[in-house]
Amino acid sequence: MENLSDLRVIHSILERHGFRFSKALGQNFLVDATVCPRMAELCGADGNTCVLEIGPGIGVLTSELAQRAKKVVAVELDRRLLPVLNETLADFGNVKIVHGDVLELDLAALLRAEFGGDPVVVCANLPYYITTPILMRLLESGLPFEAITVMVQKEVADRLTARPGGKNAGAITVTVDYYAKAQKLFGVSKGAFTPSPKVDSAVIRLTRRAAPPVEVNDPQAFFRLVKAAFAQRRKTAVNSVSATLGIPKPVVADALVACGLDVNVRAEALSTEALAALYRALGGAV
Ligand code: SAM
């Protein structure tokens, strides 16, 4: 098997197939030989576990996953890569490439058809232009992914793995925290890719929680409140929530006080529990 993280090999394969990188599809392929084995080791792939990969590119991570997992299904949107993948992954009988958009595919049906009831993890070097929609789709799907190990932009990794209630936290931190425990695994420099992106990256792992850390009757409404609280970061939470959701300021202020919170608190100082308490105190207003 060819070394798929060798720059010369990559360019020779891609040239043979007349392939040109698409910036619009977030195509930055890994050329650091150490990254994919590490991701594949850390994602939980083993002889009993199946892997869903998103965006296999030319298959550099896919081949590492295939060597460890029971089965790998890799979803690739760019049709031009299908003949490339047929060639680079020809040695593996446990890999299936699915052509499609991960944001559109029926993931439940895919998992049922390909993995039966086997344990499933996600492992991917994500296309950065849709990192958040992909993660939200995976988390909100309710599908039993045991863990999601993904490469994302470093600053997104910092945000996703921040402590809710800490200074790097954002709406996405709290939303992800509702579904999973987020952990940063290791950093990857921009030089590890071709073409090289503008920013460094990091690999993070989201481990699904058995149950949410807070009780809210309507998670989507709760996330709306969280988003509204962070919408105007320079303002206090009361001003940001009131301006974004159109709830009168005194109503929000009273709800904060009822939760024992400072009326001048900023969203980033609110833990997931505090935001859930505020949500409950606002009743049906959100
Ligand atoms: N896994 C390869 C690697 O690490 O070298 C490629 C990673 S590259 C950052 C992202 C990949 O996702 C590209 O192959 C791109 O074509 C694919 N992609 C982009 N948008 C997609 C989508 N909506 N659904 C599935 N794959 C997508």
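Numbering of ligands and ligand atoms starts at 1, following listing order. Count residues from 1 along the sequence. Worth knowing before you read on, the calculation uses all heavy atoms, side chains too, and leaves out hydrogens, waters and symmetry mates.
- For ligand 1, the protein residues placed under 4.0 Å by at least one non-hydrogen atom are Leu25, Gly26, Gln27, Asn28, Phe29, Leu30, Glu53, Gly55, Pro56, Gly57, Val60, Val75, Glu76, Leu77, Asp78, Leu81, Gly100, Asp101, Val102, Asn125, Leu126, Pro127, Tyr129, Ile130.
- Ion pairing between a basic and an acidic side chain is recognised when a charged N comes within 4.0 Å of a carboxylate O; Lys184 and Asp158 show such pairing.
- Residues forming a side chain to side chain contact (heavy atoms under 4.5 Å, CB included) with Asp91 (at least two apart in sequence, or on another chain): Met1.
- Between the side chains of Gln27 and Asp78, at least one donor N or O lies within less than 3.5 Å of an accepting N or O.
- Salt bridge Lys70/Asp46: absent, no basic N to carboxylate O contact under 4.0 Å.
- Side-chain N or O atoms of Glu64 include none that pairs as donor or acceptor with a backbone N or O of Val60 at under 3.5 Å.
- Between Tyr179 and Phe223, the distance from one ring center to the other falls under 6.0 angstrom.
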